[in-house]
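In what follows, a single structure is set out as structure tokens and then discussed.
Read the numbers this way: they start at 1 and go in the same order the structure lists the ligands and their atoms.
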Amino acid sequence: MPARSLYHAGMEAWIDSHCHLDFPELDAERATMVAAARAAGLSHLLIPGVAVVHFPRQARVADTYGFHCAYGLHPWYPHGPDDLDRLEDWLQHPGCVAVGECGLDKLRGPALEQQIALLEAQLELARQRELPVILHVVKAHEPLLRLLRRQPLPAGGVVHAFQGSAELARRYLALGLNLGIGAAFTRPNARRWQAVLARLPLEQLLLETDAPALRPAWVDQGPNRPDYLPAIAEALATLRQQPLADLLRQTRQTTLKCFPRLREQHGS
Ligand SMILES: [Zn+2]
């Protein structure tokens with residue numbers, strides 16, 4: 001089991017900056033995994049949105065545990081003509097800290113032009129509301145970077161689940177964006193990504209599980225879980241040859257800077 005050595009008092013607090021805690025795959029174990037994550041030092045958890053129909057469930061789960069949400073229209077999910085208006089309402093919900101996740105995916109979802117239009121509208125909402133953005137991007141870095149140059153993000157954001165080249169990382173970082181790092185690097189065949197990740201500036205990295213997706217390589221079955229994050233962080237600290245405490249402290253600081261509203265309390 002991962003994280004066993006890390007469950008001790010005095011460990012640096014950490015944040016899971018991207019966890020779909022509301023997804024039904026986590027229903028059975030949700031309370032247990034949140035308790036385990038808290039015991040291991042979890043201070044905040046951000047539940048990203050994917051579609052309007054899920055937003056009430058997301059808000060409920062966030063309220064139950066005192067966590068926060070982002071709301072956005074993810075390219076994998078179908079969206080109705082009124083969903084942008086409804087998203088705008090949800091962005092005013094207490095506990096909302098960002099727009100997302102939204103983005104571009106060449107491997108899944110509707111035609112890219114359609115995805116670009118939906119993303120443009122959401123970037124505009126983020127600009128109006130002064131909210132940071134959580135970006136999902138698969139094989140569409142050039143169109144995304146073009147869009148971001150045209151529509152800069154005044155409140156910044158994060159490219160979540162990033163695992164691109166050093167050059168791509170440099171271009172996102174130059175735009176002031178952060179990179180969300182999950183367990184993808186723990187796979188033995190991720191050598192090239194590991195080499196890039198070892199050299200990225202710690203000040204612009206956020207930790208995320210993306211649970212229930214993307215479990216670490218040492219876990220054979222079941223969904224990914226937020227309480228796996230300390231072990232993922234430990235593996236990252238080893239890869240980067242830096243103390244785990246520094247990595248947890250800096251990524252937490254960066255996450256709170258990226259999502260300033262995370263500091264605000266909410267809940268029912
Ligand atoms: Zn996600």
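- Panel detail: the Zn ion (ligand 1) has protein N, O or S atoms under 2.8 Å away, 4 in number.
- Taking hydrophobic clusters as Ile, Leu, Val, Met, Phe, Trp and Tyr residues chained together by side-chain heavy-atom distances below 4.5 Å, Leu262 shares a cluster with Ile134.
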Identify all side-chain donor-acceptor contacts of residues 83-91 below 3.5 Å with residues at least two apart in sequence or on another chain.
residue : atom : partner : partner atom : Å
Asp83   : OD1  : Arg86   : NH1          : 3.3
Asp83   : OD2  : Gly80   : N            : 2.7

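- Ring planes of His160 and His136: tilted class, angle from 30 to 60°.
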Only pairs under 3.5 Å count here: list side-chain donor-acceptor contacts from residues 121-130, not counting sequence neighbours, and write none if there are none.
residue : atom : partner : partner atom : Å
Gln122  : OE1  : Leu73   : N            : 2.8
Gln122  : NE2  : Leu73   : O            : 3.2
Gln122  : NE2  : Leu118  : O            : 3.4
Glu124  : OE1  : Arg127  : NE           : 3.0
Glu124  : OE2  : Arg127  : NH2          : 2.6
Glu124  : OE2  : Gln128  : NE2          : 3.0

Output side-chain donor-acceptor pairs under 3.5 Å for residues 31-38, partner residues at least two apart or in another chain, one line each.
residue : atom : partner : partner atom : Å
Arg38   : NH2  : Tyr65   : O            : 2.5

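- Figure legend: Arg108 and Trp76 shown as a cation-pi pair, the cationic atom lying under 6.0 angstrom from the six-membered ring centre and within 45 degrees of its axis.
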